[in-house]
Amino acid sequence: MRNIHEPLDRLARVHDGELADQVSTTGAQALLASIVSGPGATTTAVTAPSPWRLRMPRLVAGALAAGALVTGVIVGPGVLGDESATSYANSAIAIERDGDQYVARIKDPFADHEKYTEAFHAVGLDIDLRLVPASPTGVGKFLGFRLGGSSGAGPARSASGGSPPTLDFTPEGCRPHQAGCELTMRVPADYTGEMSLSLGRRAEPGEEYGNPDWALAPGEMFGGVRLQDGRPVDAMLAEARRRDLTVKFSRIRPDAETGALSFEPLPADQVRGDWTVWHAWQVKAGVIRLLVTPERLPENPFEKGAHRPS
C-alpha cells in the first residue's frame with residue numbers, strides 16, 4: 001500500500017518539466033479543437049499569436065483533460081483584457097479582421113441581438129446591432145442608424161476618417177430570401193465611439209414591421225399614394241380594398257401649445273368617411289393604419305417631420 005503522505009509529484013505519470021510547451025503540440029491542439037467543436041461549444045474567438053497561447057496554465061490544461069464542460073472558448077490576450085480579439089464567432093454572427101476593416105457575417109437573423117453585441121465588443125467595437133422584422137423592401141437595409149461620439153462632442157468616426165458600416169449580400173446580387181445568400185457588414189477596424197444600428201430582417205407571419213413609416217415608399221403597401229394635402233377616408237378605404245389590405249385607424253391629436261402629436265387608436269365604426277387621412281403606417285403583412293382627423297388641418301403635420309410613437 002502506498003504511503004498517503006508520499007509527495008504527490010512522485011505519483012504523477014507526467015511531471016511539470018515534461019509538460020513545458022506541450023500545449024502547442026499537434027495532439028494538444030487536436031484535443032482543444034475537439035472540445036471547442038463539440039456539443040455546447042457555441043462561442044469561439046481567435047486573436048493574434050501570443051506567448052500566452054504557448055504556455056497554458058496547468059490548471060486550464062487539467063480542466064481540459066478532465067473533460068470539463070466548455071460553452072465558450074476565447075484564446076489569446078483578449079482573455080486577459082490587454083487587447084481585443086481579432087476574430088470572434090458565436091451561433092448568430094462571425095466577425096474577422098480583413099485589412100483595415102472588420103467583416104461581420106450574420107448567420108442567424110432571428111437571434112437575440114445581444115449575441116451580435118457580444119461579438120462586436122469582443123473585437124473592440126462598441127456596436128449595438130438589432131435585427132428587426134421589416135417589410136419585404138426593408139430586408140437587409142438599415143432602418144435606424146445612430147452614432148454617438150465617445151466624448152459626446154459629435155458623431156464618432158474612424159481614426160483614419162473611414163465611413164460608417166456598409167452592407168453587402170454574398171454572393172453578389174443574391175436576394176435575401178435565397179438559400180445561401182448571406183448578409184455581410186463591414187466596419188472600419190479603427191472605429192471609435194458608440195454605434196446603434198437597426199437592420200431589417202424578413203418578418204415572420206404575423207410579426208409587426210419595424211419600418212411602419214415606409215408605407216408610402218415605392219414597393220410598399222401604399223406605394224404611389226400621395227397624402228401631402230390629405231385625402232378623405234372613403235377614398236383611402238377604396239384604395240386599401242384595391243390593394244387587398246385590412247385597415248386600422250388612429251386619430252391624430254396635435255398639442256395646441258407644442259405642436260407635438262399623439263395618436264389614439266379608433267375602431268373603424270367611429271371613423272366617418274369624410275374625415276381626412278394625413279398619413280399611413282404599415283402594421284404587418286396585409287394590414288395598414290390610416291392616421292386621421294375629423295377636421296381638415298391647415299397643413300399636414302407629417303410634413304413637419306412628425307414621427308410615429310416609439
Only one of [options] forms a side-chain hydrogen bond (donor to acceptor under 3.5 Å, both in side chains) with [X], so which one is it?
X: W278; options: D229, N300, T293; result: T293
X: Y88; options: E96, E118, H121; result: E118
X: E207; options: R202, R201, K284; result: R201

Could you check whether any side-chain heavy atom of [X] comes within less than 4.5 Å of a side-chain heavy atom of [Y], counting everything from C-beta outward?
X: T184; Y: L167; result: no
X: Q101; Y: P188; result: no
X: D234; Y: D274; result: no
X: M221; Y: Y209; result: yes
X: K115; Y: S91; result: yes
X: F120; Y: D126; result: no
X: D128; Y: L197; result: no
X: F222; Y: M236; result: yes

Would you say [Y] ends up clustered with [X] if hydrophobic residues are merged whenever their side chains have heavy atoms under 4.5 Å apart, either directly or through other cluster members?
X: V287; Y: L291; value: no
X: V283; Y: V277; value: no
X: V103; Y: I106; value: no

What's the spacing between [X] [atom1] and [Y] [atom2] if we round to 0.5 Å?
X: F249; Y: L266; atom1: CZ; atom2: CG; value: 9.0 Å
X: Q282; Y: L245; atom1: CD; atom2: CG; value: 9.5 Å
X: L183; Y: L199; atom1: CG; atom2: CG; value: 5.5 Å
X: E299; Y: Q228; atom1: CD; atom2: CD; value: 13.0 Å
X: H279; Y: L261; atom1: NE2; atom2: CG; value: 10.5 Å
X: L290; Y: L227; atom1: CG; atom2: CG; value: 8.0 Å

List the steps, then state whether side-chain hydrogen bond (donor to acceptor under 3.5 Å, both in side chains) holds for S198 with R130. CA-CA 5 Å; S198 294; R130 296 170 184 254; over 6 Å; no
Between S135 and N211, do the side chains contain an N or O donor and an N or O acceptor separated by less than 3.5 Å?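 Note: S135 and N211 side chains meet the donor-acceptor criterion.
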Whether the R186 and T166 side chains hold a donor-acceptor pair (N or O, under 3.5 Å, no angle test) is what I'd like checked.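 On atom types as modelled, these side chains do not qualify, holding no pair under 3.5 Å.
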Please enumerate all residues that pass side chain to side chain donor-acceptor pair (under 3.5 Å) together with D269, with sequence neighbours excluded.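 Result, side chain to side chain donor-acceptor pair (under 3.5 Å) vs D269: none returned.
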Please indicate whether [X] has more than 12 foreign heavy atoms, meaning atoms of other residues, nucleotides or ligands, lying under 6.0 Å from its [atom1].
X: K248; atom1: NZ; value: no
X: D244; atom1: CG; value: no
X: R272; atom1: CZ; value: no

Other cluster members, L143 - Ile/Leu/Val/Met/Phe/Trp/Tyr, side-chain contacts below 4.5 Å: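 Members other than L143 - counting any ILVMFWY side chain reachable under 4.5 Å - are V132, W214.
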